[in-house]
Amino acid sequence: MKSATVAVFVVVASVSGALQGKPVKADGLYRATIMRTAYGAPHITAADYGSLGFGSGYAAAQDNFCDFADRMLTVTAQRARFLGLGEKNANLVSDLYHQRLIQTGRLELLLNADPKSLDRPSANARALYRGYVAGVNRYVRDTGIGNLPSACKGAAWVRPYTEIDMWRITLAGQTPVQLAGVAAATPPGGAEPIRAGAFDAPTNIPQGQGSNAYALGREVTKTGHGVLLANPHYPWDGLNRFTRLHLIIPGKLNIVGAGLENSPLVAIGHNQWIAWTHTVSTARRFGMFELTLDPKDPTAYLYEGKSVPMSRVSVTVQVKTDKGLTPITRTYYTTSYGPMVETPQLPWTRERAYALRTAPVNLRAVDQYLAMWQTHDIHELAAALSRYQGTSFNTTAVDAGGEAFYGDMGSLPYVTDAKAKACATSPTAQAAWDRERMLILDGSKAACDWDSDPKAATSGIFPASALPQIYRDDFTENSNDSYWLSNPNQPLTGYGRIFGDERTARSLRTRLGLAMIADRVAGVDGLGAPKFDLATVEGVLFNDRNLGAEMTRDDLLGLCRREAAGSHPELARACMSLAGWDLHVNLDSRGAQVFRLFVEKGGLKFKVAFDPKDPVNTPNTLDTANPVVLKALIDAVAELDRLHTSADAPLGQVQSEPRNAEAIPIHGGPASEGIFNVITPAPPIDGGWRKIDAGSSWIMAVEFTDHGPVSQGVLSYSQSTNPASPHFGDQTKLYSQKGWDDLRFTPEAVKASAVSTLTLTEKITKP
């Protein structure tokens with residue numbers, strides 16, 4: 001049964017002071033204790049936020065300092081200075097982009113905004129960040145540049161860092177994914193643009209990644225308390241790696257979970273009363289404006305009938321060459337909407353060009369998390385999300401009382417369907433909106449600008465009260481489809497297309513996630529008595545079911561056998577493997593690779609169409625009459641031969657992750673097959689899939705009990721990126737064995753299990 005829906009904006013004002021927290025002042029010293037338990041998990045105890053940051057910064061540097069230093073090269077526009085142009089000019093493009101961001105002065109404006117403004121970080125947020133970078137610097141001094149891990153040992157680009165550097169990470173983390181498009185934007189007749197190549201644009205929403213989330217309420221849990229499953233599918237390498245973290249201010253704060261590297265924030269975790277996680281949203285977080293250019297000047301555009309010149313920003317960066325440092329200058333063009341952007345589909349001609357607009361970049365996410373850490377139930381959590389609107393994700397949460405929540409509560413362009421239809425006037429804009437829900441609005445009319453609402457956290461975005469959200473006593477779930485079926489018993493409808501789609505087919509992963517909840521509540525999944533607890537939610541994730549195979553294997557096998565007996569005898573091996581396959585992606589599952597390649601070749605074609613009245617079970621039934629199905633099977637077998645990979649080998653022999661000289665077998669598989677426990681391997685080489693690109697990363701299960709929360713987790717790629725660390729691959733092995741580590745929420749549990757303790761003190765220096 002659903003709970004009464006709460007109008008979140010009503011409660012924001014009454015709780016906002018409590019959520020933000022009173023400033024916790026330091027006494028002139030940073031004091032922090034770092035206890036490490038199994039797998040190198042750090043637990044930081046301190047008396048104030050500055051010291052908490054200090055300890056977490058030191059611990060983070062111990063684990064992943066070279067990643068931090070490399071990220072600093074990016075956000076301070078220094079990559080090309082120290083590393084050269086980079087492949088396809090990647091470092092140059094990065095530096096020009098970030099130097100332009102630096103020159104806007106946006107960061108300084110936010111840090112010095114009106115103290116009453118949400119855009120200005122609180123005293124606690126600034127203390128946390130200032131302490132974090134002090135902890136990183138202390139690690140470098142203690143270790144010595146010549147003794148750093150191999151990736152940055154003795155590097156000329158390692159230096160002392162500042163609080164401003166830390167905030168640049170936060171600001172750059174919210175830049176749009178169109179880095180390449182901004183770099184390429186050049187007016188007709190201008191100099192040849194600098195192309196971005198394959199550079200990975202800095203963003204807190206990694207393209208092509210996602211997550212699963214279960215918030216299980218009192219009606220579907222064994223004890224009547226809440227249970228949460230967090231299962232983000234993020235990259236296993238690079239700037240979007242998670243790291244484990246436990247933060248304690250005795251008597252004031254206890255928060256455990258994980259956050260992205262280079263940050264002191266627990267972004268997915270739990271406290272005494274509430275647990276939450278995030279999933280990538282389908283909402284469109286940015287848009288473009290189509291500009292009608294002045295016929296006399298392609299760097300001026302028409303607005304309400306008048307010619308408006310674009311602003312020009314000259315950006316210079318230094319590039320390392322064989323002859324020393326060489327300056328390279330790029331001119332960027334900016335409009336009242338934002339910077340110019342250019343792609344092959346959206347060229348800058350003499351008649352038309354495109355400007356990019358995002359919700360105003362901000363630093364609010366830090367205070368949003370500080371507020372979330374202090375919440376006592378999902379309504380307070382939703383109020384914190386509503387107040388700051390500082391992130392770009394879905395949030396799924398549950399509290400100790402057993403109430404579940406889902407909401408897409410971030411910053412979203414305030415553009416209704418009516419405005420999109422009226423202002424997407426060109427064929428290009430109409431097609432982008434109709435096919436992809438991409439905003440390209442008429443930039444010549446004031447009426448086509450984004451709307452605003454005074455209740456929103458900033459201008460140009462929807463207020464929190466207009467965002468998709470739901471409260472339930474049974475469950476909420478999200479696996480990166482839209483908000484529509486967060487709970488099939490109460491579909492969310494009536495939202496604009498910018499939020500996502502409704503009454504359309506869900507992914508196989510979403511369908512499996514919902515089906516597994518139903519099976520567990522009914523007790524028909526082989527995991528024992530009905531309903532959820534900690535053990536069964538963990539069992540559901542690691543059962544490694546393959547829904548696509550469950551729906552189609554028998555029909556595919558019939559087709560395979562008929563063809564093997566006739567025109568395609570080369571399929572006989574695949575038929576035997578498919579017949580013996582257990583329809584899972586466990587390490588000992590034999591035949592999973594045949595189905596994987598069949599799906600990759602486009603063979604998963606269904607005969608029964610999607611029915612919005614039965615969204616969990618449709619579409620279904622393999623369309624064996626479709627010639628694409630047989631061709632995909634034939635091509636899959638040929639691919640196995642090319643890869644010298646047995647059709648009958650256990651998955652653990654053909655899918656692995658390298659850690660030094662060891663290949664660790666990895667269970668799970670791609671979402672396209674209908675696998676909940678997503679593992680996305682790199683393209684196969686001889687013998688199979690020998691590197692994991694992305695997938696299950698920080699995995700956390702939480703159960704609230706009469707005696708407090710009990711939680712376990714595993715970081716699939718391990719805590720440290722340093723090959724010399726004992727924690728470079730230990731949790732990867734734990735994941736391989738389907739193991740879990742206790743998160744040790746209480747200080748007593750941490751102390752009892754500590755394998756090392758380090759206490760640090762340092763005088764606080766004024767910034």
Original post:
Is the closest side-chain donor-acceptor distance between H584 and N546 under 3.5 Å?
Top reply: no
Original post:
Hey, are D611 and R503 close enough for a salt bridge, meaning a charged N less than 4.0 Å from a carboxylate O?
Top reply: no
Original post:
Who pairs with K421 by salt bridge (charged side-chain N to carboxylate O under 4.0 Å, His left out), at least two apart in sequence or on another chain?
Top reply: none
Original post:
Is any side-chain heavy atom of W484 less than 4.5 Å from a side-chain heavy atom of L492?
Top reply: no
Original post:
Do you know which two heavy atoms are closest between P665 and G652, and how far apart they sit?
Top reply: CB-O, 3.3 Å
Original post:
Minimum heavy-atom separation for A215 to A404, with atom names?
Top reply: O-CB, 3.5 Å
Original post:
Are the side chains of W740 and F542 in touch, meaning some heavy atoms are under 4.5 Å apart?
Top reply: yes
Subject >> N487-D474 side chain donor-acceptor pair, cut-off 3.5 Å >> reply: yes
Original post:
Minimum heavy-atom separation for G548 to L508, with atom names?
Top reply: CA-CD1, 4.2 Å
Original post:
So, for L346 and M288, which heavy atoms are closest and what is the spacing to 0.1 Å?
Top reply: CD1-SD, 3.6 Å
Subject >> salt bridge (charged side-chain N to carboxylate O under 4.0 Å, His left out) partners for K738, two or more places apart >> reply: D544
Under 3.5 Å, which donor-acceptor pairs do the side chains of residues 624-633 form with other protein atoms, sequence neighbours left out?
unit_1: N626; atom_1: OD1; unit_2: V628; atom_2: N; d: 2.9
unit_1: K631; atom_1: NZ; unit_2: D635; atom_2: OD2; d: 2.8

Would you tabulate the side-chain donor-acceptor contacts of residues 562-570 under 3.5 Å, counting partners in other chains and residues two or more places apart, or write 'none'?
unit_1: R562; atom_1: NH1; unit_2: G558; atom_2: O; d: 3.4
unit_1: H568; atom_1: ND1; unit_2: E570; atom_2: OE2; d: 3.1

**OP:** Might you point out which heavy atoms bring T279 and N480 nearest each other, and give the distance in Å?
**Re:** CB-ND2, 3.8 Å
Original post:
Taking the inter-plane angle between the rings of F595 and W581 on a 0 to 90° scale, is it parallel (under 30°), tilted (30 to 60°) or perpendicular (over 60°)?
Top reply: tilted
Original post:
Looking only at side chains, do T536 and E538 share a donor and an acceptor under 3.5 Å apart?
Top reply: no
Subject >> disulfide bond (SG atoms under 2.5 Å apart) partners of residues 613-693, not counting sequence neighbours, each pair once >> reply: none
**OP:** Output all residues satisfying salt bridge (charged side-chain N to carboxylate O under 4.0 Å, His left out) with D588, sequence neighbours left out; order by chain, then residue number.
**Re:** none
Original post:
Between the side chains of R506 and T504, is a donor N or O closer than 3.5 angstrom to an acceptor N or O?
Top reply: yes
Original post:
Say you draw a straight line from CD of Q469 to OG of S486; how long is it, rounded to the nearest 0.5 Å?
Top reply: 11.0 Å
**OP:** Would you mind listing every salt bridge (Lys or Arg N to Asp or Glu O under 4.0 Å) that reaches into residues 665-692, with sequence neighbours excluded?
**Re:** D237-K691, R596-E673, E657-K691
Subject >> Trace of the side chain to side chain donor-acceptor pair (under 3.5 Å) decision for D481 with T510 >> reply: CA-CA 7 Å; D481 276 317; T510 290; 2.7 Å; yes
**OP:** Can you sort out the partners of E261 under salt bridge (charged side-chain N to carboxylate O under 4.0 Å, His left out), two or more places apart, ordered by chain and number?
**Re:** R241
**OP:** Ignoring hydrogens and angles, state whether a donor on the side chain of H278 or T395 is under 3.5 Å from an acceptor on the partner side chain.
**Re:** yes
Original post:
Any side-chain heavy atom of Y39 sitting closer than 4.5 Å to one from L734?
Top reply: yes
Original post:
Which residue pairs satisfy the disulfide bond (SG atoms under 2.5 Å apart) criterion with at least one member in residues 519-594, sequence neighbours excluded?
Top reply: C560-C575
**OP:** For the residue pair F242 and L260, establish whether any side-chain heavy-atom pair is separated by less than 4.5 Å.
**Re:** yes
**OP:** Determine the interplanar angle of the W236 and Y735 rings, folded into 0 to 90°, and report it as parallel if under 30°, tilted if 30 to 60°, perpendicular if over 60°.
**Re:** perpendicular
Original post:
Does the side chain of N677 come under 3.5 Å of the side chain of R545 through a donor N or O and an acceptor N or O?
Top reply: no
**OP:** Evaluate ring pair (Phe, Tyr, Trp, His ring centres under 6.0 Å) for Y406 paired with Y483, printing each intermediate quantity in order.
**Re:** CA-CA 8 Å; Y406 160 84; Y483 53 85; 7.7 Å; no
**OP:** Hey, could you give me each pair passing disulfide bond (SG atoms under 2.5 Å apart) that has a residue in residues 625-690? Not counting sequence neighbours.
**Re:** none
Subject >> Listed once per pair and sorted, the salt bridge (Lys or Arg N to Asp or Glu O under 4.0 Å) pairs that draw on residues 426-437, sequence neighbours left out >> reply: none
Subject >> Results of ring pair (Phe, Tyr, Trp, His ring centres under 6.0 Å) for Y354 - residues two or more places apart only >> reply: none
Original post:
Cation-pi between R659 and F728: NZ/CZ under 6.0 Å from ring centre and within 45° of the ring axis?
Top reply: yes
**OP:** Identify whether the distance between the nearest side-chain nitrogen and carboxylate oxygen of D525 and R520 falls below 4.0 Å.
**Re:** yes
Subject >> Closest heavy-atom pair and its distance - S589, D582 >> reply: OG-OD1, 2.9 Å
